[in-house]
Novice: 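The structure's right below; bear with me while I get my questions together.
Heads up: numbering here begins at 1 and tracks the sequence.
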Amino acid sequence: MFDSVRDDLRTTLDEIRAAGLHKPERVIGTPQSATVNVTAGGRPGEVLNFCANNYLGLADHPEVLAAAHEALDRWGYGMASVRFICGTQEVHKELEARLSAFLGQEDTILYSSCFDANGGVFETLLGAQDAVISDALNHASIIDGIRLSKARRFRYANRDMADLERQLKEAAEGGARRTLIVTDGVFSMDGHVAPLAEICDLADRHGAMVMVDDSHAVGFVGTGGRGTPELHGVMDRVDILTGTLGKALGGASGGYVAARAEIVALLRQRSRPYLFSNTLAPVIAAASLKVLDLLESADDLRVRLGENTALFRRRMTEEGFDILPGDHPIAPVMIGDASRAGRLAELLLERGVYVIGFSYPVVPEGQARIRVQLSAAHSTEDVHRAVDAFVAARAELDA
């Protein structure tokens, strides 16, 4: 039987490669950092890393590593169980309490990833008599989570408040019992920030709840690093926050839902990814507590990240590159043509700068780009080297 299936799969894989959409995996032989050593899948040797979500450079921070080593000795490697059976340790409850306090929410529940967190919310909270209204550019995990729910689905154009209000009115006219607006805090392909104040105003006007996935913001956006709700002054108006421990908050894995107490309580009873997945490894929980210590004790990493971001965006603009506007460390360099974006990424790797080209279906056709991501771990010299490499690679591509 599989022989015929194998032929079909090979045809599909060939079509992916022919369309320039194949995603090779480059293998690195070092810890995640501003500089990594590529051992397979590209130019071998040490390269500057400008494509990780390691925004604050904490993935190999010595204090985070020390906390992880200590946690292995104290709490062990893994729980081999789910939370409600025998998989909850004191360190998990401590992290949930710390995240709740940090994010200004009443309670928090941990998941193995933010993908699972988003996958566990909608089915639990919304039924066939309810409505969910989602931004058109929301993350795939939100889209998949919504598909698990029986709620009526609406979609509004990216950050378009007039369209959102139209969808709210249509949901109300359809007799929705509950309405939930859901948006990314920062849209990962563009680096654009959701207009949360306006969203909360519309939610208040139409009796809706608000949910924000803040994976690309928590830890460094806002004056205290508490994410887009802090940036927009609406921390007390967002009902549900989801996020990850796998980006700015240490870069390992794990996710959470921070929300109103009753919402979290129901998730503990009904959320399938929580009930049927092994507990977050205790070493990650303990290291995440150290990350929160670092974030609350100083803002030097956030300041350095902001400086690196501003420098890269300014220099690239001066060199004539098309970068989507904003001040987020996601800095998309717009190329347009998919094959050109892929070739430019290859030329950059040859010059010691590790970046990835993004093209359809990850982004719309004709909007291929190289998504550069800045880190607090980058030095000023690193940023200048990256821009110089872009200039040289473009010259070779155009020759």
Side-chain angles (χ1 to χ4, degrees), residues 95-97 99-127 130-135 138-149 151 153-154 156 164 167-168 171 176-187 193-204 206-218 221-222 226-245 249 254-275:
L95 178 57
E96 288 173 338
L99 283 170
S100 298
F102 182 71
L103 297 170
Q105 289 288 347
E106 294 175 0
D107 201 357
T108 297
I109 177 174
L110 296 173
Y111 287 80
S112 58
S113 69
C114 188
F115 205 109
D116 277 345
N118 287 334
V121 169
F122 304 99
E123 183 182 23
T124 303
L125 296 181
L126 304 176
D130 302 318
V132 57
I133 307 177
S134 177
D135 189 288
N138 277 342
H139 190 267
S141 58
I142 293 176
I143 296 169
D144 286 357
I146 290 172
R147 286 172 176 162
L148 296 172
S149 168
R153 305 164 196 171
F154 299 83
Y156 64 97
L164 172 57
Q167 307 307 318
L168 283 163
R177 177 190 63 164
R178 300 172 186 162
T179 300
L180 176 64
I181 304 167
V182 56
T183 180
D184 282 4
V186 174
F187 297 92
V193 179
L196 292 189
E198 291 90 339
I199 289 173
C200 288
D201 288 345
L202 286 173
D204 290 345
H206 294 275
M209 297 182 293
V210 175
M211 172 179 164
V212 178
D213 178 340
D214 225 22
S215 293
H216 285 278
V218 70
V221 170
R226 291 170 172 80
T228 54
E230 182 182 43
L231 177 69
H232 291 291
V234 295
M235 289 180 66
D236 59 339
R237 301 173 67 191
V238 173
D239 301 289
I240 305 170
L241 273 173
T242 65
T244 181
L245 306 173
L249 302 185
Y256 58 84
V257 176
R260 312 294 186 185
E262 295 80 4
I263 290 174
V264 172
L266 186 59
L267 291 174
R268 292 192 193 280
Q269 301 304 312
R270 297 278 179 83
S271 180
R272 291 164 68 87
Y274 177 80
L275 292 172

Novice: Quick one: pull up CG in Leu196 and CE in Met235 and give me the separation to the nearest 0.5 Å.
Specialist: 12.0 Å
Novice: Would you say the side-chain atoms of His206 pair up with the backbone N or O of Ala208, donor to acceptor, closer than 3.5 Å?
Specialist: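 It does not hold such a pair.
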Novice: Roughly how far apart are Gln269 CD and Leu275 CG, rounded to 0.5 Å?
Specialist: 7.5 Å
Novice: So, the side chain of Asn138 versus the backbone of Val182: is there a donor-acceptor pair under 3.5 Å, distance only?
Specialist: yes
Novice: Can you list the residues that meet the salt bridge (charged side-chain N to carboxylate O under 4.0 Å, His left out) rule with Arg270, with sequence neighbours excluded?
Specialist: none
Novice: Just jot down the salt bridge (charged side-chain N to carboxylate O under 4.0 Å, His left out) partners of Arg147, sequence neighbours excluded, or say none.
Specialist: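 If we apply the salt bridge (charged side-chain N to carboxylate O under 4.0 Å, His left out) test to Arg147, skipping adjacent residues, the hits are Asp144.
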Novice: Any side-chain to backbone donor/acceptor pair from Gln167 onto Ser134? Under 3.5 Å, distance only.
Specialist: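 The answer is no, because no donor-acceptor pair under 3.5 Å joins these two groups.
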Novice: Is the closest side-chain donor-acceptor distance between Tyr111 and Thr242 under 3.5 Å?
Specialist: no
Novice: Please name the pair of heavy atoms, one in Tyr274 and one in Leu110, separated by the smallest distance, quoted to 0.1 Å.
Specialist: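 Shortest heavy-atom contact: CD1-O, 3.4 Å.
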Novice: Is a side-chain N or O of Arg226 found less than 3.5 angstrom from the main chain of Phe102, in a donor-acceptor match?
Specialist: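 Checking the backbone N and O of Phe102 against the side chain of Arg226, a donor-acceptor pair under 3.5 Å is found.
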Novice: Which residues satisfy the side chain to side chain contact (heavy atoms under 4.5 Å, CB included) test with Asp107, sequence neighbours excluded?
Specialist: Ser100, Val264, Arg268
Novice: How would you list, by chain and number, every residue that makes a side chain to side chain donor-acceptor pair (under 3.5 Å) with Arg237, sequence neighbours excluded?
Specialist: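 Testing Arg237 for side chain to side chain donor-acceptor pair (under 3.5 Å), a comparison that skips the adjacent residues, returns Asp201, Asp204.
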Novice: List the residues meeting side chain to side chain contact (heavy atoms under 4.5 Å, CB included) with Leu148, not counting sequence neighbours, and say none if there are none.
Specialist: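 Applying side chain to side chain contact (heavy atoms under 4.5 Å, CB included) to Leu148 gives Glu123.
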Novice: Partners of Thr244 by side chain to side chain contact (heavy atoms under 4.5 Å, CB included), sequence neighbours excluded?
Specialist: Cys114, Ser215, Lys247
Novice: From Asn118 CG over to Asp184 CG, what is the distance, rounded to the nearest 0.5 angstrom?
Specialist: 8.0 Å
Novice: Indicate yes or no for a side-chain donor-acceptor contact from Asp130 to the backbone of Ala151 under 3.5 Å, with no hydrogens or angles considered.
Specialist: no
Novice: Can you tell me how far the OG1 atom of Thr108 sits from the CG atom of Leu95, to the nearest 0.5 Å?
Specialist: 8.0 Å
Novice: Strictly distance-based, threshold 3.5 Å: is any side-chain N or O of His232 a donor or acceptor partner for the main-chain N or O of Ala194?
Specialist: yes
